[in-house]
Colleague: 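Dropping a structure here in C-alpha coordinates format, bear with me for questions.
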Amino acid sequence: MNFIFISPNFPHTYENFCYNLKQNGVNVLGIADTPYDALSDRLKDALTEYYRVDNMEDYDQMYRAVAFFAHKYGRIDWIESNNEYWLEQDARLRTDFNICSGIKEDHIMSIKEKSQMKKYYAKGKVPTARQIKACEGLEKALEFASLAGYPLFTKPDNGCGANGTRKIHNEEELRDFFAVTPQVEIYVIEEFISGNIYSYDAVINSKGEPIFESCCAWPPSISDIVNEEGDLAYFVDAIPDQLRKYGRKTVKAFGIFSRFVHLEFFCMDSDHIGLGKKGDFCALEVNMRPAGGFTPDMMNYSWSTDVFKIWADMVAFDENHTELGQVYHCAYASQRNNKDYAHSRDEINQVYAGKIMNQEPVPAVLSGAMGDYMFLGRMDTVEEAKEFIKFVTERK
(Lines give C-alpha, C1' and ligand atoms only; values in the text may rest on other atoms or scores of the structure.)
Protein backbone atom coordinates (compact mmCIF):
# COMPACT_ATOMS: atom_id res chain seq x y z
CA MET A 1 0.00 0.00 0.00
CA ASN A 2 1.39 3.41 -1.03
CA PHE A 3 0.37 6.22 1.30
CA ILE A 4 1.28 9.86 0.66
CA PHE A 5 1.22 11.89 3.87
CA ILE A 6 0.99 15.63 3.28
CA SER A 7 2.92 17.75 5.79
CA PRO A 8 3.83 14.82 8.06
CA ASN A 9 5.93 17.04 10.33
CA PHE A 10 3.23 19.52 11.43
CA PRO A 11 2.00 19.37 14.04
CA HIS A 12 4.98 17.41 15.32
CA THR A 13 2.78 14.69 16.84
CA TYR A 14 1.67 13.68 13.33
CA GLU A 15 4.89 11.76 12.89
CA ASN A 16 3.11 9.19 15.07
CA PHE A 17 0.65 8.54 12.25
CA CYS A 18 3.55 7.87 9.87
CA TYR A 19 5.42 5.70 12.37
CA ASN A 20 2.40 3.45 12.94
CA LEU A 21 1.63 3.21 9.24
CA LYS A 22 5.12 1.88 8.70
CA GLN A 23 4.71 -0.56 11.60
CA ASN A 24 1.60 -1.85 9.81
CA GLY A 25 3.55 -2.51 6.62
CA VAL A 26 2.46 0.60 4.70
CA ASN A 27 4.85 2.38 2.31
CA VAL A 28 4.81 5.97 3.62
CA LEU A 29 5.80 8.83 1.30
CA GLY A 30 6.00 12.40 2.59
CA ILE A 31 5.49 15.77 0.91
CA ALA A 32 6.10 19.13 2.62
CA ASP A 33 8.10 22.34 2.31
CA THR A 34 10.36 21.69 5.31
CA PRO A 35 14.01 20.82 4.58
CA TYR A 36 14.69 17.12 5.00
CA ASP A 37 17.40 17.75 7.60
CA ALA A 38 14.85 19.53 9.79
CA LEU A 39 12.70 16.41 10.10
CA SER A 40 13.05 14.31 13.24
CA ASP A 41 15.01 11.08 13.01
CA ARG A 42 11.87 9.14 13.93
CA LEU A 43 9.96 10.67 11.02
CA LYS A 44 12.83 10.11 8.62
CA ASP A 45 12.85 6.45 9.60
CA ALA A 46 9.07 6.18 9.04
CA LEU A 47 9.21 7.66 5.53
CA THR A 48 10.34 5.57 2.58
CA GLU A 49 11.00 8.79 0.69
CA TYR A 50 10.44 12.51 1.20
CA TYR A 51 9.72 15.05 -1.53
CA ARG A 52 10.35 18.69 -0.60
CA VAL A 53 8.42 21.40 -2.45
CA ASP A 54 9.21 25.11 -2.26
CA ASN A 55 5.62 26.13 -1.64
CA MET A 56 2.81 23.82 -0.57
CA GLU A 57 0.27 26.43 -1.70
CA ASP A 58 1.47 25.93 -5.30
CA TYR A 59 -0.76 23.14 -6.64
CA ASP A 60 1.49 22.49 -9.63
CA GLN A 61 4.37 21.64 -7.29
CA MET A 62 2.17 19.35 -5.20
CA TYR A 63 0.80 17.66 -8.33
CA ARG A 64 4.32 17.02 -9.64
CA ALA A 65 5.35 15.56 -6.29
CA VAL A 66 2.46 13.08 -6.33
CA ALA A 67 3.14 12.25 -9.98
CA PHE A 68 6.79 11.55 -9.15
CA PHE A 69 5.80 9.09 -6.41
CA ALA A 70 3.20 7.43 -8.65
CA HIS A 71 5.79 6.95 -11.41
CA LYS A 72 8.35 5.53 -8.98
CA TYR A 73 6.19 3.40 -6.65
CA GLY A 74 3.09 2.64 -8.70
CA ARG A 75 -0.53 3.41 -7.91
CA ILE A 76 -1.07 5.68 -4.90
CA ASP A 77 -3.66 4.21 -2.54
CA TRP A 78 -4.03 7.08 -0.07
CA ILE A 79 -3.38 10.81 0.11
CA GLU A 80 -4.00 12.41 3.50
CA SER A 81 -2.82 15.30 5.65
CA ASN A 82 -5.24 14.96 8.61
CA ASN A 83 -5.02 18.76 8.63
CA GLU A 84 -7.94 21.18 8.24
CA TYR A 85 -5.90 23.63 6.19
CA TRP A 86 -5.08 21.12 3.46
CA LEU A 87 -8.45 19.33 3.18
CA GLU A 88 -9.42 21.01 -0.10
CA GLN A 89 -6.02 20.39 -1.66
CA ASP A 90 -6.09 16.77 -0.47
CA ALA A 91 -9.46 16.34 -2.18
CA ARG A 92 -8.20 17.90 -5.43
CA LEU A 93 -5.18 15.61 -5.51
CA ARG A 94 -7.35 12.55 -4.87
CA THR A 95 -9.63 13.59 -7.70
CA ASP A 96 -6.83 14.23 -10.18
CA PHE A 97 -5.14 10.89 -9.38
CA ASN A 98 -8.42 8.96 -8.97
CA ILE A 99 -7.72 7.91 -5.38
CA CYS A 100 -10.92 6.62 -3.79
CA SER A 101 -9.86 6.23 -0.16
CA GLY A 102 -11.04 9.69 0.90
CA ILE A 103 -13.09 12.77 0.08
CA LYS A 104 -12.92 14.08 -3.49
CA GLU A 105 -13.62 17.54 -4.90
CA ASP A 106 -17.30 16.91 -5.57
CA HIS A 107 -17.97 16.42 -1.83
CA ILE A 108 -15.46 18.73 -0.16
CA MET A 109 -17.71 21.79 0.24
CA SER A 110 -20.27 19.74 2.15
CA ILE A 111 -17.76 19.39 4.96
CA LYS A 112 -16.01 22.76 4.61
CA GLU A 113 -18.89 25.23 4.27
CA LYS A 114 -21.13 25.57 7.33
CA SER A 115 -24.11 26.44 5.13
CA GLN A 116 -23.71 23.15 3.26
CA MET A 117 -23.50 21.16 6.50
CA LYS A 118 -27.06 22.11 7.45
CA LYS A 119 -28.74 20.01 4.75
CA TYR A 120 -26.79 16.91 5.82
CA TYR A 121 -27.81 17.39 9.44
CA ALA A 122 -31.41 17.62 8.21
CA LYS A 123 -30.92 14.44 6.19
CA GLY A 124 -29.68 12.62 9.31
CA LYS A 125 -32.40 14.16 11.52
CA VAL A 126 -29.76 15.70 13.79
CA PRO A 127 -31.00 18.98 15.33
CA THR A 128 -28.96 22.09 14.56
CA ALA A 129 -29.31 25.88 14.76
CA ARG A 130 -31.16 27.76 12.03
CA GLN A 131 -28.98 29.81 9.71
CA ILE A 132 -28.91 32.14 6.70
CA LYS A 133 -26.09 33.42 4.50
CA ALA A 134 -25.07 37.03 4.95
CA CYS A 135 -24.98 37.36 1.16
CA GLU A 136 -28.80 37.34 1.28
CA GLY A 137 -28.53 40.91 2.56
CA LEU A 138 -29.42 43.04 5.57
CA GLU A 139 -33.19 42.94 5.08
CA LYS A 140 -33.24 39.13 5.02
CA ALA A 141 -31.00 39.13 8.08
CA LEU A 142 -33.42 41.41 9.92
CA GLU A 143 -36.29 39.08 9.00
CA PHE A 144 -34.27 36.13 10.27
CA ALA A 145 -33.55 37.99 13.52
CA SER A 146 -37.25 38.62 14.07
CA LEU A 147 -37.82 34.87 13.69
CA ALA A 148 -34.84 33.50 15.61
CA GLY A 149 -34.41 36.34 18.12
CA TYR A 150 -31.23 37.87 19.52
CA PRO A 151 -28.45 37.19 20.17
CA LEU A 152 -27.23 35.92 16.80
CA PHE A 153 -23.83 34.52 15.90
CA THR A 154 -21.83 35.31 12.75
CA LYS A 155 -18.90 33.32 11.39
CA PRO A 156 -17.14 32.69 8.07
CA ASP A 157 -18.96 30.07 6.00
CA ASN A 158 -15.67 28.39 5.18
CA GLY A 159 -13.49 28.88 8.22
CA CYS A 160 -11.69 27.00 10.98
CA GLY A 161 -12.01 27.56 14.71
CA ALA A 162 -13.31 30.82 16.19
CA ASN A 163 -11.46 33.24 13.91
CA GLY A 164 -13.75 35.92 12.51
CA THR A 165 -16.71 35.08 14.77
CA ARG A 166 -18.93 37.69 16.38
CA LYS A 167 -21.91 37.69 18.72
CA ILE A 168 -24.72 40.06 17.67
CA HIS A 169 -26.87 41.29 20.56
CA ASN A 170 -29.38 43.62 18.87
CA GLU A 171 -30.51 45.25 15.61
CA GLU A 172 -27.97 48.07 15.92
CA GLU A 173 -25.09 45.57 16.08
CA LEU A 174 -26.54 43.59 13.17
CA ARG A 175 -26.68 46.73 11.02
CA ASP A 176 -23.13 47.56 12.11
CA PHE A 177 -21.97 44.06 11.14
CA PHE A 178 -23.18 44.62 7.58
CA ALA A 179 -21.77 48.15 7.47
CA VAL A 180 -18.21 47.52 8.64
CA THR A 181 -17.39 43.87 7.93
CA PRO A 182 -15.05 43.34 4.95
CA GLN A 183 -16.31 40.64 2.57
CA VAL A 184 -19.51 40.32 4.57
CA GLU A 185 -20.86 37.97 1.87
CA ILE A 186 -18.57 35.16 3.04
CA TYR A 187 -20.30 34.97 6.44
CA VAL A 188 -23.27 33.03 7.77
CA ILE A 189 -25.63 34.20 10.49
CA GLU A 190 -27.29 31.76 12.83
CA GLU A 191 -29.33 31.68 15.99
CA PHE A 192 -27.22 31.69 19.13
CA ILE A 193 -27.23 28.48 21.17
CA SER A 194 -26.23 28.79 24.80
CA GLY A 195 -24.38 25.83 26.24
CA ASN A 196 -21.09 23.98 26.44
CA ILE A 197 -19.35 22.45 23.45
CA TYR A 198 -18.80 18.71 23.32
CA SER A 199 -16.95 16.83 20.62
CA TYR A 200 -17.58 13.37 19.24
CA ASP A 201 -14.18 12.07 18.15
CA ALA A 202 -14.00 8.83 16.23
CA VAL A 203 -12.00 6.73 13.81
CA ILE A 204 -14.37 5.55 11.07
CA ASN A 205 -13.76 2.50 8.87
CA SER A 206 -14.60 2.05 5.17
CA LYS A 207 -18.15 1.00 6.04
CA GLY A 208 -18.87 4.21 7.96
CA GLU A 209 -18.65 2.42 11.32
CA PRO A 210 -16.67 3.70 14.34
CA ILE A 211 -13.77 1.51 15.45
CA PHE A 212 -12.87 4.00 18.20
CA GLU A 213 -14.97 6.68 19.93
CA SER A 214 -14.13 9.41 22.42
CA CYS A 215 -15.57 12.66 23.73
CA CYS A 216 -14.22 15.99 24.95
CA ALA A 217 -16.06 18.55 27.07
CA TRP A 218 -15.16 22.15 26.33
CA PRO A 219 -16.60 24.27 29.15
CA PRO A 220 -15.55 27.76 27.94
CA SER A 221 -16.50 29.46 24.69
CA ILE A 222 -13.70 29.08 22.13
CA SER A 223 -14.71 32.36 20.48
CA ASP A 224 -14.43 34.19 23.81
CA ILE A 225 -10.99 32.66 24.34
CA VAL A 226 -9.78 33.97 20.97
CA ASN A 227 -11.45 37.37 21.21
CA GLU A 228 -10.81 38.06 24.90
CA GLU A 229 -7.55 36.15 25.50
CA GLY A 230 -9.12 33.67 27.84
CA ASP A 231 -7.49 30.44 28.99
CA LEU A 232 -8.37 27.31 27.03
CA ALA A 233 -9.27 24.33 29.18
CA TYR A 234 -11.09 21.11 28.36
CA PHE A 235 -11.02 17.42 29.21
CA VAL A 236 -11.78 13.96 27.85
CA ASP A 237 -15.07 12.71 29.27
CA ALA A 238 -17.32 9.66 29.04
CA ILE A 239 -19.55 9.79 25.94
CA PRO A 240 -23.19 10.67 26.76
CA ASP A 241 -25.64 8.31 25.07
CA GLN A 242 -27.37 11.05 23.06
CA LEU A 243 -24.04 12.44 21.86
CA ARG A 244 -22.94 8.99 20.70
CA LYS A 245 -26.27 8.56 18.88
CA TYR A 246 -26.03 11.94 17.13
CA GLY A 247 -22.34 11.43 16.35
CA ARG A 248 -23.05 8.15 14.58
CA LYS A 249 -26.08 9.59 12.76
CA THR A 250 -23.93 12.51 11.56
CA VAL A 251 -21.30 10.11 10.21
CA LYS A 252 -23.97 8.28 8.22
CA ALA A 253 -25.67 11.46 6.98
CA PHE A 254 -22.42 12.96 5.65
CA GLY A 255 -21.29 9.68 4.09
CA ILE A 256 -18.09 9.63 6.13
CA PHE A 257 -15.72 6.70 5.69
CA SER A 258 -12.05 5.87 6.33
CA ARG A 259 -11.36 8.95 8.42
CA PHE A 260 -10.52 10.32 11.85
CA VAL A 261 -13.27 12.85 12.61
CA HIS A 262 -13.94 15.59 15.14
CA LEU A 263 -17.65 16.47 15.27
CA GLU A 264 -18.77 19.37 17.45
CA PHE A 265 -22.07 19.67 19.32
CA PHE A 266 -23.71 21.99 21.84
CA CYS A 267 -25.01 20.65 25.12
CA MET A 268 -27.77 23.21 25.66
CA ASP A 269 -28.03 24.91 29.05
CA SER A 270 -31.71 25.83 28.54
CA ASP A 271 -34.75 24.62 26.61
CA HIS A 272 -34.75 25.70 22.97
CA ILE A 273 -37.82 25.48 20.75
CA GLY A 274 -37.17 23.22 17.79
CA LEU A 275 -33.90 21.85 19.17
CA GLY A 276 -34.66 20.22 22.51
CA LYS A 277 -34.54 20.65 26.25
CA LYS A 278 -31.81 21.68 28.66
CA GLY A 279 -29.09 19.01 28.62
CA ASP A 280 -29.92 17.86 25.08
CA PHE A 281 -27.38 18.01 22.27
CA CYS A 282 -27.59 19.78 18.93
CA ALA A 283 -25.06 19.86 16.10
CA LEU A 284 -22.53 22.68 15.68
CA GLU A 285 -20.21 21.64 12.82
CA VAL A 286 -18.19 18.78 11.40
CA ASN A 287 -14.42 18.57 11.06
CA MET A 288 -13.11 15.79 8.84
CA ARG A 289 -9.78 15.42 10.55
CA PRO A 290 -8.50 14.56 14.04
CA ALA A 291 -9.16 17.01 16.86
CA GLY A 292 -6.50 19.70 16.82
CA GLY A 293 -3.62 20.49 19.09
CA PHE A 294 -2.79 17.92 21.74
CA THR A 295 -6.21 16.26 21.85
CA PRO A 296 -5.07 12.95 20.30
CA ASP A 297 -2.47 12.66 23.08
CA MET A 298 -5.21 13.36 25.63
CA MET A 299 -7.26 10.49 24.21
CA ASN A 300 -4.25 8.24 24.57
CA TYR A 301 -3.78 9.19 28.22
CA SER A 302 -7.52 8.89 28.95
CA TRP A 303 -8.15 5.54 27.32
CA SER A 304 -4.67 4.05 27.90
CA THR A 305 -4.31 3.39 24.19
CA ASP A 306 -2.73 4.79 21.02
CA VAL A 307 -5.15 6.56 18.68
CA PHE A 308 -2.38 7.09 16.13
CA LYS A 309 -2.06 3.30 15.95
CA ILE A 310 -5.85 2.84 15.82
CA TRP A 311 -6.00 5.18 12.82
CA ALA A 312 -3.13 3.30 11.16
CA ASP A 313 -4.99 0.04 11.85
CA MET A 314 -8.01 1.48 10.05
CA VAL A 315 -5.85 2.35 7.03
CA ALA A 316 -4.07 -1.00 6.85
CA PHE A 317 -6.71 -3.46 8.12
CA ASP A 318 -10.03 -1.53 8.23
CA GLU A 319 -10.41 -2.55 11.87
CA ASN A 320 -8.90 -1.84 15.28
CA HIS A 321 -6.02 -4.07 16.43
CA THR A 322 -5.14 -1.82 19.40
CA GLU A 323 -6.48 -2.44 22.90
CA LEU A 324 -7.94 0.11 25.29
CA GLY A 325 -6.81 0.07 28.92
CA GLN A 326 -7.66 1.75 32.20
CA VAL A 327 -9.91 4.79 31.86
CA TYR A 328 -8.84 8.23 33.12
CA HIS A 329 -9.83 11.84 32.45
CA CYS A 330 -7.06 13.82 30.80
CA ALA A 331 -7.41 17.60 31.04
CA TYR A 332 -5.81 20.39 29.02
CA ALA A 333 -5.17 23.67 30.83
CA SER A 334 -3.27 26.63 29.42
CA GLN A 335 -1.72 29.90 30.52
CA ARG A 336 -0.80 33.06 28.62
CA ASN A 337 2.59 34.67 28.91
CA ASN A 338 1.18 38.17 29.41
CA LYS A 339 -1.16 37.28 32.30
CA ASP A 340 -0.55 36.87 36.04
CA TYR A 341 -1.63 33.57 37.58
CA ALA A 342 -2.23 32.57 41.17
CA HIS A 343 0.00 29.51 40.79
CA SER A 344 3.39 29.39 39.08
CA ARG A 345 4.35 26.63 36.70
CA ASP A 346 6.77 25.25 39.30
CA GLU A 347 3.96 25.14 41.87
CA ILE A 348 1.68 23.35 39.41
CA ASN A 349 4.35 20.70 38.90
CA GLN A 350 4.82 20.27 42.65
CA VAL A 351 1.12 19.98 43.49
CA TYR A 352 0.37 17.62 40.60
CA ALA A 353 3.59 15.62 40.62
CA GLY A 354 3.07 12.30 38.87
CA LYS A 355 -0.13 13.48 37.19
CA ILE A 356 1.36 15.91 34.65
CA MET A 357 1.69 13.85 31.47
CA ASN A 358 3.10 16.64 29.32
CA GLN A 359 3.79 20.37 29.33
CA GLU A 360 5.29 22.58 26.66
CA PRO A 361 4.98 25.90 24.85
CA VAL A 362 2.16 26.03 22.32
CA PRO A 363 3.25 26.73 18.72
CA ALA A 364 2.66 30.39 17.85
CA VAL A 365 0.26 29.49 15.03
CA LEU A 366 -2.04 27.81 17.59
CA SER A 367 -1.57 30.05 20.63
CA GLY A 368 -4.43 32.44 19.84
CA ALA A 369 -6.95 29.72 20.64
CA MET A 370 -4.85 27.40 22.81
CA GLY A 371 -2.77 29.69 25.05
CA ASP A 372 1.00 30.11 25.18
CA TYR A 373 1.90 27.26 27.54
CA MET A 374 -0.04 24.08 28.17
CA PHE A 375 -0.29 21.32 30.76
CA LEU A 376 -1.84 17.89 30.27
CA GLY A 377 -2.98 16.35 33.54
CA ARG A 378 -4.33 12.82 33.88
CA MET A 379 -6.88 12.47 36.68
CA ASP A 380 -9.01 9.63 38.01
CA THR A 381 -12.32 11.55 38.04
CA VAL A 382 -14.05 14.41 36.25
CA GLU A 383 -14.09 16.37 39.50
CA GLU A 384 -10.31 16.09 39.80
CA ALA A 385 -9.92 17.18 36.18
CA LYS A 386 -12.00 20.29 36.84
CA GLU A 387 -9.99 21.08 39.98
CA PHE A 388 -6.76 20.76 37.98
CA ILE A 389 -8.10 23.16 35.36
CA LYS A 390 -9.13 25.65 38.02
CA PHE A 391 -5.70 25.46 39.70
CA VAL A 392 -3.76 26.05 36.47
CA THR A 393 -5.93 28.86 35.09
CA GLU A 394 -6.72 30.78 38.29
CA ARG A 395 -5.53 34.38 37.94
CA LYS A 396 -4.37 36.79 40.64
Colleague: Does a salt bridge link E84 with K112, judged by any charged N lying under 4.0 Å from a carboxylate O?
Modeller: yes

Colleague: Walk me through whether T181 and T154 qualify under side chain to side chain contact (heavy atoms under 4.5 Å, CB included).
Modeller: CA-CA 11 Å; T181 303; T154 68; over 6 Å; no

Colleague: State whether the side chain of E264 and the backbone N or O of I197 hold a donor-acceptor pair below 3.5 Å, judged by distance alone.
Modeller: no

Colleague: Quick one about N16 and K309 (side-chain donor to acceptor, distance below 3.5 Å, no hydrogens or angles considered), yes or no?
Modeller: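 Per modelled atom types, K309 and N16 side chains form no pair under 3.5 Å.
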
Colleague: Indicate the ring-plane relationship of F5 and F17, choosing parallel, tilted or perpendicular according to the 30° and 60° boundaries.
Modeller: parallel

Colleague: May I have the step-by-step check of salt bridge (charged side-chain N to carboxylate O under 4.0 Å, His left out) for D176 and R166, ending in yes or no?
Modeller: CA-CA 12 Å; D176 180 68; R166 179 177 174 181; 3.0 Å; yes

Colleague: Which heavy atom of L152 sits nearest a heavy atom of G149, and at what distance?
Modeller: CD2-O, 3.3 Å

Colleague: Do N300 side-chain atoms and V307 backbone N/O form a donor-acceptor pair below 3.5 Å?
Modeller: yes

Colleague: CG of D106: more than 12 outside heavy atoms within 6.0 angstrom?
Modeller: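 Result for CG/D106: enclosed.
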
Colleague: Using a 3.5 Å distance criterion without hydrogens, assess whether the side chain of D271 forms a donor-acceptor pair with backbone atoms of K278.
Modeller: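 Flag set: sc D271 to bb K278 pair under 3.5 Å.
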
Colleague: Does atom NZ of K245 have more than 12 heavy-atom neighbours from other groups under 6.0 Å away?
Modeller: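 Incorrect, the count does not exceed 12.
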
Colleague: Relative to Y301, does R378 satisfy both conditions: NZ or CZ under 6.0 angstrom from the six-membered ring centre, and within 45 degrees of the ring's axis?
Modeller: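 R378 over Y301 ring: no.
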
Colleague: Are L93 and M288 linked, directly or through intermediate hydrophobic residues, by side-chain heavy-atom contacts shorter than 4.5 Å (ILVMFWY only)?
Modeller: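 No.
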
Colleague: For N196 and D269, which I'm curious about, is there any donor-acceptor pair between the side chains at under 3.5 Å?
Modeller: no

Colleague: Do the side chains of D231 and R395 get close enough for a salt bridge, i.e. N-O under 4.0 angstrom?
Modeller: yes

Colleague: Please assess R248 against E213 for the test salt bridge (charged side-chain N to carboxylate O under 4.0 Å, His left out), listing each intermediate value before the final yes or no.
Modeller: CA-CA 10 Å; R248 292 180 176 183; E213 296 172 298; 2.8 Å; yes

Colleague: Quick one: pull up OH in Y341 and OG1 in T393 and give me the separation to the nearest 0.5 Å.
Modeller: 7.5 Å

Colleague: Parallel under 30°, tilted from 30 to 60°, perpendicular over 60°: which one fits the rings of F391 and Y352?
Modeller: perpendicular

Colleague: In Å and rounded to the nearest 0.5 Å, what is the NZ to CD distance from K114 to E285?
Modeller: 4.5 Å

Colleague: Apply the test ring-ring contact (aromatic ring centres under 6.0 Å, His included) to residues Y63 and F97: give CA-CA distance (whole Å), side-chain angles for both, the deciding distance (0.1 Å), then the verdict.
Modeller: CA-CA 9 Å; Y63 183 94; F97 286 90; 4.7 Å; yes

Colleague: Is there a path of hydrophobic side-chain contacts, each under 4.5 Å between heavy atoms of I, L, V, M, F, W or Y residues, that connects L29 with V66?
Modeller: yes

Colleague: Is it the case that the ring center of W311 lies less than 6.0 angstrom away from the ring center of F3?
Modeller: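 Ring centres of W311 and F3 closer than 6.0 Å.
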
Colleague: Main chain of N55, side chain of Q61: is a donor-acceptor contact present, judged purely on distance under 3.5 Å?
Modeller: yes

Colleague: Give a yes or no on whether Y85 and L366 share a hydrophobic cluster (residues Ile, Leu, Val, Met, Phe, Trp, Tyr; joining criterion: side-chain heavy atoms under 4.5 Å apart).
Modeller: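 No, because Y85 and L366 fall into different hydrophobic clusters, even though each may have its own neighbours under 4.5 Å.
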
Colleague: List the steps and the verdict of ring-ring contact (aromatic ring centres under 6.0 Å, His included) for F254 and Y121.
Modeller: CA-CA 8 Å; F254 278 80; Y121 287 130; 5.4 Å; yes

Colleague: Is the Lys NZ or Arg CZ of K44 less than 6.0 Å from the centre of Y36's six-membered ring, within 45° of the axis?
Modeller: yes

Colleague: Quick one: does any side-chain atom of T305 pair with a main-chain N or O of E323 as donor and acceptor, under 3.5 Å?
Modeller: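 Yes; at least one donor-acceptor contact below 3.5 Å.
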
Colleague: Measure from the ring center of Y198 to the ring center of F265 and say whether it is less than 6.0 Å.
Modeller: no

Colleague: Between the main-chain N or O of I6 and the side-chain N or O of S81, is there a donor-acceptor pair closer than 3.5 Å?
Modeller: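 Side chain of S81 to backbone of I6, a donor-acceptor pair under 3.5 Å: no, none is there.
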
Colleague: Do you know which two heavy atoms are closest between C215 and I239, and how far apart they sit?
Modeller: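 So the minimum-distance heavy-atom pair works out to CB-CG1, 3.6 Å.
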
Colleague: Tell me if the NZ atom of K386 is crowded by more than 12 foreign heavy atoms within 6.0 Å.
Modeller: no

Colleague: Regarding D201 and S199, do their side chains bring together a donor and an acceptor under 3.5 Å, going by distance alone?
Modeller: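 Yes.
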
Colleague: Nearest 0.5 Å, what's the CD1-CG distance between I76 and N2?
Modeller: 5.0 Å

Colleague: Let's go through W78 and L21 carefully: what are the C-alpha distance in whole Å and the side-chain angles of both, what is the deciding distance for side chain to side chain contact (heavy atoms under 4.5 Å, CB included) to 0.1 Å, and is it a yes or a no?
Modeller: CA-CA 12 Å; W78 286 72; L21 284 173; over 6 Å; no

Colleague: With rounding to the nearest 0.5 angstrom, report the CD1 to CG distance, I99 to D77.
Modeller: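 Atom-to-atom, I99:CD1 and D77:CG are 8.0 Å apart.
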
Colleague: In a check of salt bridge (Lys or Arg N to Asp or Glu O under 4.0 Å) between R94 and each of E105, E88, E80, which one passes?
Modeller: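 Result for salt bridge (Lys or Arg N to Asp or Glu O under 4.0 Å) with R94: E80.
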
Colleague: Tell me whether R336 contacts the main-chain N or O of G368 through its side chain, where contact means a donor paired with an acceptor under 3.5 Å.
Modeller: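 Present.
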
Colleague: Determine whether N20 and T322 make a side-chain contact, defined as any pair of heavy atoms from C-beta on separated by less than 4.5 Å.
Modeller: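 A side-chain contact under 4.5 Å is absent here.
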
Colleague: Could you check K118 against E190 for salt bridge (charged side-chain N to carboxylate O under 4.0 Å, His left out), going step by step and ending with a plain yes or no?
Modeller: CA-CA 11 Å; K118 295 296 181 181; E190 66 181 35; 3.4 Å; yes

Colleague: Could you walk me through whether M299 and F212 pass side chain to side chain contact (heavy atoms under 4.5 Å, CB included), step by step?
Modeller: CA-CA 10 Å; M299 296 179 200; F212 170 80; 3.9 Å; yes

Colleague: Group every Ile, Leu, Val, Met, Phe, Trp and Tyr by side-chain heavy-atom contacts under 4.5 Å, then state whether W218 and M268 land in the same group.
Modeller: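 W218 and M268: one cluster.
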
Colleague: Give a yes or no answer on whether the side chain of Q335 reaches the backbone of V392 with a donor-acceptor pair at less than 3.5 Å.
Modeller: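 Here the side-chain-to-backbone pair exists.
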
Colleague: Could R345 and Y373 be counted as a cation-pi pair, given that NZ or CZ must be under 6.0 Å from the ring centre and within 45° of the axis?
Modeller: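 The answer is yes, since R345 meets both limits relative to Y373.
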
Colleague: Are E49 and Y51 close enough that a side-chain donor and a side-chain acceptor fall under 3.5 Å?
Modeller: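 Distance-only check fails for E49 and Y51.
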
Colleague: Does a side-chain heavy-atom distance below 4.5 Å link N349 with I356?
Modeller: yes

Colleague: Would you find a donor on one side and an acceptor on the other, under 3.5 Å apart, between the side chain of N205 and the backbone of G208?
Modeller: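 Looks like yes, one N/O pair under 3.5 Å.
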
Colleague: Using the rule that Ile, Leu, Val, Met, Phe, Trp and Tyr join whenever any side-chain heavy atoms are under 4.5 Å apart, tell me whether M370 and L376 fall into a single cluster.
Modeller: yes

Colleague: Can a donor-acceptor pair be found, under 3.5 Å and without considering hydrogens, that links the side chain of E173 to the backbone of H169?
Modeller: yes

Colleague: Evaluate whether atom CD of Q23 has more than 12 neighbouring non-hydrogen atoms of other residues, nucleotides or ligands under 6.0 angstrom away.
Modeller: yes

Colleague: Between CD1 of I193 and CZ of R130, what distance do you get to the nearest 0.5 Å?
Modeller: 8.5 Å

Colleague: With distance as the sole criterion, is a donor-acceptor pair present between the side chains of Q89 and Y59 under 3.5 Å?
Modeller: no

Colleague: Any luck finding a side-chain donor-acceptor pair between Y234 and T295 under 3.5 Å?
Modeller: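 Distance-only check passes for Y234 and T295.
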
Colleague: Tell me, with the steps shown, if V382 and D237 meet side chain to side chain contact (heavy atoms under 4.5 Å, CB included).
Modeller: CA-CA 7 Å; V382 169; D237 201 359; 3.5 Å; yes

Colleague: Answer yes or no on whether R42 is positioned over the face of Y19, meaning its NZ or CZ is under 6.0 Å from the six-membered ring centre and within 45° of the axis.
Modeller: yes

Colleague: CG/D157 to CE/M117 distance, rounded to the nearest 0.5 angstrom?
Modeller: 8.5 Å

Colleague: Looking at side-chain heavy atoms only, is the closest gap between I103 and D90 below 4.5 Å?
Modeller: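 A side-chain contact under 4.5 Å is absent here.
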
